[in-house]
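The structure appears right after this line, and notes come after that.
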Amino acid sequence: DHNLLLQLDAYQKVELESTYKKSPRHEITATLKTPFTQPMNLQAYIKPELSNFETGASAVYEGQTYGVATKWDHNGYRNAFQSEADFQLTHPARSILTEAKISRRGSRFTTQFSTKWDANRNPKKEFAFVGEFQASAVTPSFEAKTTWWPRNFVEVSGNWKDDRQGLWAV
């Protein structure tokens, strides 16, 4: 625990109380009191692991929460892996959530991406992309689909085949 007291004059002071905790991640919480504002609660954390990274910070002021957080998970190796990441921005009126995933299994790559711009009120308000690519020397192919709220989408796919004469046919 840490306490900081700053005396501005005979009647006014700024006070900061904080606590640090090291568990699986480093965390700090603090309460800031000033004569000019309502008390503010602050929190921040970080987990500095390359395969399982996370960090974030938030502030609660007058009962309203403002924050940002991100997380990254990675498993696997060069020819077979899966990575996931997310980012969240929180405001009293809206919460924005972005998520992304990518994976590889041999010559097959897949990806997913989405952003929800009103995640705490209507998680259906979303922009999303899903794609797959087959990186085969003989028969490469791809599929991609993009959707957005309320019911819009675009879908594209393609494939090729080696015609044995050194040319590609679509």
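In this chain, numbering begins with 1 at the start of the sequence shown.
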Practice prompt. Determine, step by step, whether V14 and K33 satisfy the side chain to side chain contact (heavy atoms under 4.5 Å, CB included) criterion, reporting the C-alpha distance in whole Å, the side-chain angles of both residues, the deciding distance to 0.1 Å, and the verdict.
Written response: CA-CA 6 Å; V14 174; K33 298 175 185 174; over 6 Å; no
Worksheet item: Between T147 and V130, is a side chain to side chain contact (heavy atoms under 4.5 Å, CB included) present by the stated rule, with each step listed?
Response: CA-CA 9 Å; T147 58; V130 177; over 6 Å; no
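R25 contributes atom CZ, which lies 12.0 Å from atom CD of E49 (distance to the nearest 0.5 angstrom). Within the model, atoms OG of S114 and CG of L97 stand 6.5 Å from one another, a figure rounded to the nearest 0.5 Å. Here the NE2-OG distance, from H2 to S18, works out to 5.5 Å after rounding to the nearest 0.5 Å. Atom-to-atom distance recorded for T29:OG1 and Y45:OH is 14.0 Å, nearest 0.5 angstrom. Rounding to the nearest 0.5 Å gives a distance of 12.5 Å between CD of E27 and NZ of K22. Interatomic distance, CG of N3 versus CD of E17, reported as 5.0 Å (0.5 Å rounding).
A donor-acceptor pair shorter than 3.5 Å cannot be found between the side chains of S51 and H74. Side-chain contact, T110 with S103: a donor N or O sits under 3.5 Å from an acceptor N or O.
Contact detail for F113 and A100: the closest heavy-atom pair is CD1-CB, 4.1 Å. Residue P35 comes nearest to Q12 through the heavy atom pair CG-CB, 3.9 Å, listed as atom of the first residue, atom of the second, then distance. Scanning all heavy atoms of the two residues, the minimum distance from Q64 to P92 falls at OE1-CB, 2.7 Å. W148 and T146 make their closest contact through CZ3-O, 3.9 Å (heavy atoms, listed as atom of the first residue, atom of the second, distance). Contact record, A80 with R105: C-NH1, 3.4 Å, taken as the closest heavy-atom pair. The minimum heavy-atom distance linking W72 with A85 is given by the pair CE3-CB, 3.8 Å.
Environment of CZ in F36: crowded, with over 12 heavy atoms of neighbouring residues, nucleotides or ligands closer than 6.0 Å.
Transitive grouping of hydrophobic side chains (ILVMFWY, heavy atoms separated by less than 4.5 Å) brings L16 and L6 into a common cluster. Cluster annotation: L50 and I46 are assigned to distinct hydrophobic clusters (Ile/Leu/Val/Met/Phe/Trp/Tyr, side-chain heavy-atom contacts under 4.5 Å, transitive). Using a 4.5 Å cut-off between side-chain heavy atoms of Ile, Leu, Val, Met, Phe, Trp and Tyr, with links allowed through other members, F129 and F142 fall into the same hydrophobic cluster. Hydrophobic clustering, with ILVMFWY side chains joined whenever heavy atoms are under 4.5 angstrom apart, keeps L42 apart from Y20. Follow the hydrophobic side-chain contacts under 4.5 Å out from W160 and you reach F109 in the same cluster.
Side-chain atoms of R104 come within 3.5 Å of backbone N or O of G106 as a donor-acceptor pair. Using modelled atom types, no side-chain atom of S157 and backbone atom of A144 make a donor-acceptor pair closer than 3.5 Å.
Scanning for side chain to side chain donor-acceptor pair (under 3.5 Å) contacts around Q134 gives S107, with sequence neighbours left out. With sequence neighbours excluded, the residues satisfying side chain to side chain contact (heavy atoms under 4.5 Å, CB included) with A44 are I28, A57.
Between K47 and N52, some side-chain heavy-atom pair lies under the 4.5 Å cut-off. Inter-residue side-chain proximity for D86 and Q88 is flagged as unmet; no heavy-atom pair is nearer than 4.5 Å.
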Between side-chain atoms of residues 115-126 and protein atoms elsewhere (two or more places apart, or another chain), which donor-acceptor pairs fall under 3.5 Å?
from	atom 1	to	atom 2	distance (Å)
T115	OG1	T98	OG1	3.3
N120	OD1	S95	N	3.2
R121	NH1	A93	O	3.4
R121	NH2	A93	O	3.4
N122	OD1	K124	N	3.1

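Aromatic ring centres of Y66 and H91: separated by under 6.0 Å.
By the 6.0 Å and 45° rule, K145 stacks over the aromatic ring of F153.
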